[in-house]
Amino acid sequence: MAEVSLREVTKRWGAFAAVDSVSLDIADREFVVFLGPSGCGKTTTMRMIAGLEDATSGEIVIDGRVVNDVPARDRDLAMVFQNYALYPHMTVAENIAYPLKVRGQSRSARYEAARGAARRVELEDLLDRRPAQLSGGQRQRVALARAIVREPRLFLMDEPLSNLDAKLRTAMRAQLKHLQRELAITTIYVTHDQVEAMTLADRIVILRDGKLQQIGSPLEVYDRPANVFIAGFIGNPPMNLLEGTLADGRFSSEGIDALALPGALPGARDGRVVVGARPDHVALTAPEEGDIRGTVYAVEQLGEGALVTVEAGPHRLVVSAARNTPVREDEAVGLSLEREALHFFDGDTGERRE
């Protein structure tokens, strides 16, 4: 299996730093997800690990060996791409077995291995079909089986589920997680979808503008986001963020009456601050009873519950509510904030305040 370390790895194109001095350690058999918006450097980082891009500086280490100058074919890893990269003229069996054909294995040996890999991803009955005869989810499983059949020490997956519909993505997430545990292979997975990151990862590596923002388990980055960017990026729906000022234990923001926050931030200096509240830590009340008065902007029924968006001055706050919550658009309501669950960030730097 494989341990992977990045040591101040940077990738530049001219003056532009796509990846800027990223350092991290990935343990053997760990499932690590690189998460961030488009253009944050996550795919470029993966491609440098794979050997498909050269690092401008820094070291890429796999199992204690610096591999910066090792060709991709000699790094003993398998990649699963967003577009599947299947050969249209080959059958499913031939596509899965192709890496073993390149290695020079006999026909009987490689097809026996292909059947075993197909069995793991529930494709045994489709071995004679060609890619054009398969659904998107089936093609993705062929790509997975082709990666598995090589028995690599490292899996790299670049947004492999992004072309699937919502139902298929949910099913494939469960299959991927089960498969990774069963095979016990170190896996690095790239996505911009925070739901995929939260459900799949042992640890999440969050990138923005080529810089490392936070590394932690899904619950760590959800419960204690390191900065305003992560607070607004992780969570569905995302955290409500209110910019304002803190003075003598009271928080003030445009369009909101001053809120008393006794003991919420012990020893914190006064000044500009961003207060964050998850939608499930905000409750609807009568207008005169809440911390914040506002007007219902929208009600979204989800079946198991509802999301209520409330407009308060220039702010729109989302509340997770019960499915039968009796509120209507344009109705005056109050919002009550759960004090112990609030998050505080520096208004200038955006970094978390303790």
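FYI, the numbering just counts along the sequence from 1.
- Between V33 and E196, the closest side-chain pair of non-hydrogen atoms is not below 4.5 Å.
- For R278 and Y222, the positive end sits near the middle of the six-membered ring, less than 6.0 Å away and at most 45° from its axis.
- Side-chain atoms of Q180 and Y189 include no donor-acceptor pair closer than 3.5 Å.
- Atom CG of N68 has more than 12 heavy atoms from other residues, nucleotides or ligands within 6.0 Å.
- Sequence neighbours left out, not one pair with a member in residues 229-251 passes side-chain hydrogen bond (donor to acceptor under 3.5 Å, both in side chains).
- For the side-chain hydrogen bond (donor to acceptor under 3.5 Å, both in side chains) condition, the pairs that include at least one residue of residues 288-298, sequence neighbours left out, are D291-R339, Y297-R316.
- With hydrogens and angles ignored, the 3.5 Å screen pairs no side-chain donor or acceptor of R110 with any backbone N or O of A97.
- Atom CD of Q214 sits about 11.0 Å away from atom CG of L35, to the nearest 0.5 Å.
- No side-chain heavy atom of V296 sits under 4.5 Å from any side-chain heavy atom of L284.
- By the side-chain hydrogen bond (donor to acceptor under 3.5 Å, both in side chains) test, Y87 is found to be paired with no residue, residues two or more places apart in sequence or in another chain being considered.
- Taking every heavy atom of both residues into account, L241 and A231 meet most closely at CD2-CB, 4.2 Å.
- Proximity of L176 to L144: side-chain heavy atoms (C-beta onward) are separated by under 4.5 Å at one or more points.
- Using modelled atom types, one side-chain atom of S23 and one backbone atom of E8 make a donor-acceptor pair closer than 3.5 Å.
- Atoms CD1 and CD1, from I60 and I49 in turn, are 6.5 Å apart once rounded to the nearest 0.5 Å.
- Shown here is E254, whose CD atom has no more than 12 heavy atoms of other residues, nucleotides or ligands within 6.0 Å.
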